[in-house]
Asks: 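Structure below; questions to follow.
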Amino acid sequence: MNIAFIGLGNMGAPMAANLAKAGHTVTGFDVAGTTAEGVTMADTAAKAVKDAAVVITMLPNGQILRDVAADIIPHMAKGAVLLDCSTVDVDSARAVAELCTQSGLLALDAPVSGGIGGAAGGTLTFMVGGSDDAFAIGKPLFDIMGQKAVHCGASGNGQAAKICNNMILGVTMIATCEAFSLADKLGLSREAMFDVVSTSSGYSWSMNAYCPAPGVGPQSPADNDYKPGFAADLMLKDLRLSQQAAEAADADTPMGEAACELYRQFVEAEDGKGRDFSAMLPRLAARKRGE
Ligand code: NAD
């Protein structure tokens, strides 16, 4: 298949390389001039998409996606699929899908979880919004770049699933970290905390698979001086998207709102930028009540 790939950054480059390795013809474009193994680079986005049956985008945010979509849609072949894998706001995903429909194109929003390791190893999970026809075309590509693709419904629903999942993740990580911090101050060992909670009703992915306490539980970024992993800045981005969506949908999400504010403070006013999102544990453990 002829595939165009726009946005060859930390995630996009290994995803594009995996498609090329599987035998697809991949033409790439990135404003920063980055490249990927096995991918032929074009000098403009318009040239990259011209003969593609599927155009994949992996970009920083919704505004850039809207700009890129407006640029490339007039140059895409009729019936082609615009498959966006970036994490963006639900409104941008739906607006881009609408533009595609008006131009006789198909659209999928397919944000991922699994991070840079998942992109390199071809083990991402895709959360997909769009029509059944578009999903059927994208499915073989999801199978190369990832290990699972869940069709969540109409356009925008992939982004909705992603931000709801990550809102749970942000909230449970903070809850896990504050429980460790309280346990420290009550004289409970972290090992005992882990052994109890990971097998009791407080268990979660944050505790069991990604334990924020170093030396406890499975290997995690806590054991590597909180190098990401999943950076606190990216968690802040996703929590902001969740709150933007909650505002637009008039949904009451007090815990998501609190988590968003805590990560904002951590990243923008403290030393959280560039650290793993589980570094919320040393942050909380070093503070006193009400600080
Ligand atoms: P990145 O900044 O490394 O890559 C984005 C790329 O897009 C850059 O190379 C940039 O030059 C390019 N770009 C920007 N504007 C462009 C334009 N107008 N035309 C062409 N290219 C353009 O970011 P990333 O880590 O690869 O993340 C990409 C997306 O995936 C984001 O939406 C992010 O939220 C999401 N995501 C990232 C991770 C992760 O762990 N990094 C995990 C899940 C989801």
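For ligands, and for the atoms within them, numbers begin at 1 and follow the listed sequence.
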Asks: In the protein, what heavy atom is nearest to atom 24 (P) of ligand 1, and what distance, to one decimal place, separates them?
Replies: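 I find the closest protein heavy atom is Met11 CG, 3.8 Å.
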Asks: When you measure from the heavy atoms of Gln63 to every atom of ligand 1, does any distance fall below 4.0 Å?
Replies: no
Asks: Please indicate, with yes or no, if any protein heavy atom is found under 4.0 Å from atom 32 (O) of ligand 1?
Replies: yes
Asks: Using a 4.0 Å cut-off to any heavy atom of Ala32, which atoms of ligand 1 qualify?
Replies: 11 (O)
Asks: Quick one: which ligand 1 atoms are inside 4.0 Å of a heavy atom on Val68?
Replies: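 Taking each heavy atom of Val68 in turn, ligand 1 has 17 (C), 18 (N), 19 (N) under 4.0 Å.
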Asks: Give the contacting part of Ala45 toward ligand 1: side chain, backbone, both or neither, where contact means a heavy-atom distance below 4.0 Å.
Replies: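 Ala45 to ligand 1: no contact under 4.0 Å from either part.
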Asks: Applying a heavy-atom cut-off of 4.0 Å, say which part of Thr87 lies close to ligand 1: side chain, backbone, both or neither.
Replies: both
Asks: Atom NZ of residue position Lys148 - does it have more than 12 heavy atoms of other residues, nucleotides or ligands inside 6.0 Å?
Replies: no
Asks: Quick one: nearest non-hydrogen protein atom to atom 34 (O) of ligand 1, plus distance?
Replies: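 Protein heavy atom with the smallest distance to atom 34 (O) of ligand 1: Lys237 NZ, 2.8 Å.
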Asks: Any side-chain heavy atom of Cys260 sitting closer than 4.5 Å to one from Arg240?
Replies: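 Side chain of Cys260 against side chain of Arg240, heavy atoms only: contact under 4.5 Å found.
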Asks: Going from CG on Leu169 to CH2 on Trp205, what distance comes out if it is rounded to the nearest 0.5 angstrom?
Replies: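 Output value for this atom pair is 6.0 Å.
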Asks: State, with a plain yes or no, whether a side-chain heavy atom of Leu241 is found less than 4.5 Å away from one of Gln244.
Replies: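 Side chain of Leu241 against side chain of Gln244, heavy atoms only: contact under 4.5 Å found.
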Asks: How long is the gap from CZ on Arg94 to CG on Asn157, to the nearest 0.5 Å?
Replies: 5.5 Å
Asks: To which protein heavy atom is atom 2 (O) of ligand 1 closest, and what is the distance rounded to 0.1 Å?
Replies: Pro60 CG, 4.6 Å
Asks: Angle between ring planes, Phe230 versus Phe277, binned at 30° and 60°: parallel, tilted or perpendicular?
Replies: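 The rings of Phe230 and Phe277 stand perpendicular, inter-plane angle above 60°.
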Asks: Would one find an N or O of Asp238, backbone or side chain, under 3.5 Å from an N or O of ligand 1?
Replies: no
Asks: Kindly indicate whether the side chain of Cys100, heavy atoms from C-beta on, has any atom under 4.5 Å from the side chain of Ile73.
Replies: yes
Asks: Examine Leu59 against ligand 1 and note whether any of their N/O atoms are separated by less than 3.5 Å.
Replies: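 Yes; the residue has a nitrogen or oxygen that sits under 3.5 Å from a nitrogen or oxygen of the ligand.
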Asks: Of all the non-hydrogen atoms in the protein, which one sits nearest to atom 12 (C) of ligand 1, and at what distance?
Replies: Asp30 OD2, 3.3 Å
Asks: What's the shortest distance from atom 30 (O) of ligand 1 to any protein heavy atom, and which residue and atom give it?
Replies: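 Here the closest protein heavy atom is Met58 CE, 3.1 Å.
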Asks: Going by heavy atoms in the side chains, are Pro221 and Lys227 under 4.5 Å from each other?
Replies: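 A side-chain contact under 4.5 Å is absent here.
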Asks: Quick test of your reading of the model: are Arg287 and Glu270 salt-bridged, counting only N-O distances below 4.0 Å?
Replies: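 Between Glu270 and Arg287 there is a salt bridge, with a charged N closer than 4.0 Å to a carboxylate O.
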Asks: Report the part of Asn61 (side chain from C-beta onward, or backbone N, CA, C, O) that has a heavy atom under 4.0 Å from ligand 1; answer both or neither where that applies.
Replies: neither
Asks: When only distance counts, is Val112 in polar contact with ligand 1, meaning an N/O pair under 3.5 Å?
Replies: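 By distance alone, the answer is no.
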Asks: Which ligand 1 atoms, with their elements, are less than 4.0 angstrom from a heavy-atom of Ile6?
Replies: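 Near Ile6, the atoms of ligand 1 are 20 (C).
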Asks: Around atom 3 (O) of ligand 1, find the nearest protein heavy atom and jot down its residue, atom name and distance.
Replies: Asn10 N, 2.9 Å
Asks: Where on Val88 is there a heavy atom closer than 4.0 Å to ligand 1, on the side chain, on the backbone, on both, or on neither?
Replies: neither
Asks: Just which atoms of ligand 1 are under 4.0 Å from any heavy atom in Gly115?
Replies: 40 (O), 42 (C)
Asks: In Å, rounded to the nearest 0.5 Å, how long is the span from NZ of Lys139 to CD1 of Ile144?
Replies: 11.0 Å
Asks: Taking side chain as C-beta onward, heavy atoms only, is Gln159 less than 4.5 Å from Asp89?
Replies: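 Heavy-atom side-chain distance check fails, nothing below 4.5 Å.
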Asks: Using a 4.0 Å heavy-atom threshold (strictly under), name the region of Met15 that reaches ligand 1: side chain, backbone, both or neither.
Replies: neither
Asks: In this structure, are over 12 heavy atoms from other groups packed under 6.0 Å from Gln147 atom CD?
Replies: yes
Asks: Just need the protein heavy atom nearest to atom 13 (N) of ligand 1, so name the residue and atom and give the distance.
Replies: Val31 CG2, 3.6 Å
Asks: Flag the pair Arg264 and Glu261 as a salt bridge only when some basic side-chain nitrogen lies within less than 4.0 angstrom of an acidic carboxylate oxygen.
Replies: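 Here Arg264 pairs with Glu261 in a salt bridge, since their nearest N and O are under 4.0 Å apart.
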Asks: Do Met145 and Ile56 have side chains that approach each other closer than 4.5 Å (heavy atoms only, starting at C-beta)?
Replies: yes
Asks: Which of the numbered atoms in ligand 1 are under 4.0 angstrom from any heavy atom belonging to Ser86?
Replies: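 Taking each heavy atom of Ser86 in turn, ligand 1 has 32 (O) under 4.0 Å.
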Asks: Which residue and non-hydrogen atom of the protein lie closest to atom 4 (O) of ligand 1, and at what distance in Å?
Replies: Gly9 CA, 3.3 Å
